[in-house]
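Count residues from 1 along the sequence.
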Amino acid sequence: MALFRNDNGTLKCRFQGENLWLLPWGQNALRVVSRPMCEPELPAWALLEPKNGPVSIEIQESEASIAVGGIRAVVRRMYWPDRLEITYYNARGEVLLAERPGTGALNIQPRFFKPIVAGDFKLTVGFAADDGEKLYGMGQYQQDVLDVKYSTFELAQRNSQASVPFVLSNKGYGFLWHNPAIGRASFGRNLMEWSAESTKQMDYWICAGDTPRDIERQYADAVGHAPEMPEYGLGFWQCKLRYWNQEQLLNVAREYHRRGIPVDVIVVDFFHWPHMGDFRFDEEFWPDPKAMVEELKSMGMELMVSVWPQVSLKSENFREMDEEGFLARCDKGMNCQMRFVDEDTLFFDATNPDARAWLWQKIKKNYYDNGVRVFWLDEAEPEYGTYDFDNYRYYSGTVAQTGNLYPQAYARTFYEGMKGEGQEKVVNLLRCAWAGSARYGALVWSGDIHSDFATLRKQVCAGLNMGIAGIPWWTTDIGGFAGGDPKDEGFRELIVRWFQWGAFCPVMRLHGNRVPDERVFRKTGEELLPSGADNEIWSFGDKAYEILKNLIDFRETMRPYVRALMQEAHEDGAPVMRTMFFAFPEDEATWDLRDQYMFGPDVLVAPVLDAGAVQRAVYLPKGAQWTDLHTGKTYAGGQTLACDAPLERIPVFLRDGSHPDWIGKI
């Protein structure tokens with residue numbers, strides 16, 4: 001059999017037991033799969049069926065190529081040692097990415113399948129590194145890093161870590177590691193390397209594009225666009241850990257309404273249920289959910305309800321779910337995956353389609369039929385008590401092989417259920433994501449993070465890289481999650497600075513576990529999970545209150561603009577919160593800016609990220625005129641300004657005379 005063949009537009013290569021396929025997968029994109037000793041599969045982990053451009057395949061004795069639009073791959077047979085090597089080119093013939101060379105006597109393979117005894121493979125795929133390359137994306141990691149070149153990443157989901165293995169290069173390509181296995185990615189000076197701890201095959205996707213916007217559009221086409229955002233996703237969301245009964249939540253909503261402060265969404269957080277996995281309100285504290293939802297709607301508010309995937313051994317649903325195989329399993333040891341509040345729990349298996357259908361029917365009966373239209377899908381990693389990824393198993397396979405898929409499947413459970421009920425626009429809040437999560441209405445927040453300025457700074461890079469990784473709906477707990485005393489002046493400064501930035505995030509949501517706690521008891525005297533201190537905008541003193549109220553009002557002023565940004569994300573795949581280079585790729589200085597960004601095409605945002613700061617530097621990109629939102633003064637692009645930033649002010653500039661009616665509103 002020939003080394004290379006054209007199989008209906010797919011370049012198939014067979015050599016020394018390896019089956020390597022290069023398939024057209026978009027207008028300027030390829031999907032590349034390889035499997036030892038048998039033909040590869042094409043699992044739909046994240047990639048959708050493509051709409052391909054014209055394909056050209058050329059085959060010679062020791063070399064073959066496939067071209068789709070603006071990308072061309074050449075597979076060459078190399079000698080000493082014998083192997084196949086792939087190089088990717090753009091339409092101008094420039095190298096985009098090349099597999100690592102075999103390096104002669106070192107005998108290093110670019111695609112190395114290391115057998116796992118009696119199992120599958122540990123896979124390592126290496127590419128030659130470019131010392132001048134800049135790389136962005138990879139999802140959400142808790143670090144003050146935007147350009148991920150010279151970084152190493154664990155490919156695994158954790159609380160506050162969302163591993164979305166897509167990178168965008170300033171060389172003009174996007175690369176998706178289409179493998180949900182636990183693994184590692186490293187972008188070194190001498191080598192780019194991707195690895196999976198346990199897998200059956202290699203699978204990745206690569207596209208070429210002339211601009212970051214072009215690459216992001218193709219990536220969204222490949223894994224799915226975010227749906228249309230409902231109107232209640234555009235304004236302010238009120239939340240705390242935790243409103244513990246119906247009257248407490250309604251009193252907060254009534255007070256916002258009395259003060260004339262618009263709230264789009266108010267939230268019932270976790271442990272409103274009797275036991276984890278009951279998937280319903282506890283009647284002692286929430287006696288009439290339907291009436292509660294109706295009153296909130298009369299005030300213009302939607303109710304969002306937290307749903308955890310944990311199922312306690314004490315739950316009324318445990319036996320049925322366990323017997324039906326709807327729960328994740330431990331491969332060894334005790335079958336317990338997390339202990340929380342003295343309950344041993346297992347996780348609902350979101351990768352099982354029958355389990356998804358079963359859970360949705362519970363959710364429909366106990367929440368949806370009472371009027372709830374927004375869900376908070378917490379613990380979406382899921383958060384194992386011990387992250388022993390090789391000890392758990394799903395319907396989709398072992399967690400070691402398929403675990404990163406879980407948050408996408410969890411979002412899918414609710415999205416498909418809600419769409420099946422006829423709901424046109426769906427948004428649900430999750431603590432994690434993987435490639436393809438956006439198409440299931442996933443709004444991701446950055447997890448249980450600390451309440452301090454160092455953590456605030458990290459969130460800016462996290463949000464920008466999530467946008468590059470294809471998750472345009474993103475937010476944080478304004479003020480941070482863990483800690484923060486509303487009476488402490490240092491925290492009051494932090495909440496103001498975080499709130500200012502939150503007004504220019506895709507979704508503006510206040511949340512946190514403030515101190516000191518309030519103890520909560522049943523009528524029987526049994527003590528339950530506590531409630532945090534007050535976390536409403538009037539909780540932080542009069543000065544902060546006026547600033548925060550003004551910011552909510554300004555978010556309302558921006559509502560038509562935010563609506564347009566959400567529509568653009570839906571139609572074009574553009575992030576809502578954009579790196580500076582996304583808007584100004586020709587300005588080299590923008591590729592290194594990590595603490596300022598564009599909120600859509602018109603608004604440059606430079607949040608204050610240091611305690612006590614009353615001034616900060618802002619770079620105004622070339623190719624535009626910039627108007628100070630506060631003063632109305634206009635500046636030419638291509639310069640750095642020292643901007644005044646007293647507590648009540650966040651530096652914001654408007655591009656080329658846009659939105660003159662906003663001037664002086666905050």
Side-chain angles (χ1 to χ4, degrees), residues 1-36 39-40 42 50 52-104 106-113 123-130 132-133 167 169-178 191-194 201-210 214-215 218 222:
M1 181 179 176
L3 181 61
F4 307 109
R5 63 189 176 97
N6 181 344
D7 186 354
N8 294 317
T10 293
L11 176 58
K12 294 187 175 181
C13 317
R14 180 178 293 177
F15 185 64
Q16 294 185 343
E18 180 188 18
N19 292 275
L20 174 66
W21 295 358
L22 291 85
L23 303 89
W25 213 272
Q27 296 299 307
N28 307 280
L30 293 162
R31 183 177 183 179
V32 184
V33 293
S34 172
R35 191 169 183 177
E39 291 196 339
L42 298 175
N52 294 326
V55 181
S56 173
I57 293 178
E58 298 179 0
I59 295 175
Q60 301 175 30
E61 183 177 350
S62 59
E63 177 179 303
S65 67
I66 179 171
V68 186
I71 192 169
R72 179 171 175 263
V74 178
V75 185
R76 298 181 177 92
R77 178 178 177 178
M78 312 298 289
Y79 298 89
W80 195 46
D82 274 355
R83 66 197 179 279
L84 299 179
E85 280 186 13
I86 312 172
T87 304
Y88 299 95
Y89 302 86
N90 62 19
R92 296 180 293 278
E94 299 163 337
V95 173
L96 296 173
L97 188 65
E99 289 187 321
R100 65 182 301 176
T103 56
L106 291 176
N107 193 15
I108 296 174
Q109 296 293 327
R111 302 173 304 282
F112 179 53
F113 291 87
L123 171 65
T124 304
V125 179
F127 296 93
D130 184 333
E133 186 173 22
V167 288
S169 169
N170 66 334
K171 294 175 66 177
Y173 70 86
F175 182 99
L176 171 67
W177 179 248
H178 190 239
L191 181 68
M192 176 194 291
E193 194 169 73
W194 300 83
Q201 65 176 34
M202 182 189 78
D203 190 347
Y204 63 80
W205 177 89
I206 182 171
C207 77
D210 291 333
D214 188 25
I215 292 169
Q218 293 184 75

With distance as the sole test, does Arg92 use its side chain to make a donor-acceptor pair with the main-chain N or O of Asn90 at under 3.5 Å?
no
Asp214 (side chain) donor-acceptor with Gly209 (main chain) under 3.5 angstrom:
no
Do Glu99 and Gln109 pass the side chain to side chain contact (heavy atoms under 4.5 Å, CB included) test, and can you show the C-alpha distance, the side-chain angles, and the key distance before you say yes or no?
CA-CA 9 Å; Glu99 289 187 321; Gln109 296 293 327; over 6 Å; no
Shortest non-hydrogen contact between Leu191 and Ala129, atoms and distance:
N-CB, 3.2 Å
Inspect the surroundings of CD in Gln16 and state if more than 12 heavy atoms from other residues, nucleotides or ligands are less than 6.0 Å away.
yes
Can you tell me how far apart CG (Leu96) and CD (Glu133) are? Round to the nearest 0.5 Å.
9.5 Å
Show the nearest heavy-atom pair for residues Ile206 and Ile71, with the distance to one decimal.
O-CD1, 3.9 Å
Please determine if Glu193 and Arg100 form a salt bridge, counting it only when a charged side-chain N lies under 4.0 Å from a carboxylate O.
yes
Specify the closest pair of heavy atoms between Gly26 and Val68, including all atoms of both residues, with the distance to one decimal.
O-CG1, 3.3 Å
Pro40 and Asn19: which non-hydrogen atoms are nearest, and at how many Å?
CG-O, 3.6 Å
Roughly how far, to the nearest 0.5 Å, is CD of Glu58 from CG of Leu11?
11.0 Å
Could you tell me whether the side chain of Trp177 and the main chain of Trp194 form a donor-acceptor pair under 3.5 Å?
no
For the residue pair Tyr88 and Tyr204, categorise the inter-ring angle as parallel (less than 30°), tilted (30 to 60°) or perpendicular (more than 60°).
perpendicular
Interatomic distance, CD1@Ile66 vs OG1@Thr10, rounded to 0.5 Å, equals 6.5 Å
Go through the steps to decide whether Val33 and Arg31 satisfy the test side chain to side chain contact (heavy atoms under 4.5 Å, CB included), and finish with yes or no.
CA-CA 7 Å; Val33 293; Arg31 183 177 183 179; 4.1 Å; yes
Side chain to side chain contact (heavy atoms under 4.5 Å, CB included) between Leu84 and Leu3, worked out:
CA-CA 10 Å; Leu84 299 179; Leu3 181 61; 4.3 Å; yes
Could you state the interatomic distance from CD (Glu63) to CZ (Phe4), rounded to the nearest 0.5 Å?
7.5 Å
Check Leu30, Leu20, Val74 against Ile86 for a side chain to side chain contact (heavy atoms under 4.5 Å, CB included) and give me the one that passes.
Leu20
In terms of heavy-atom contacts, Phe113 and Glu18 come closest through CE1-OE2, 4.4 Å
Straight-line distance of Ser34 OG to Leu123 CG, nearest 0.5 Å:
8.0 Å
Between Cys207 and Ile215, which heavy-atom pair has the shortest distance, and what is it?
SG-CG2, 4.0 Å
What is the distance from atom CH2 of Trp21 to atom CZ of Arg5, rounded to the nearest 0.5 Å?
8.0 Å
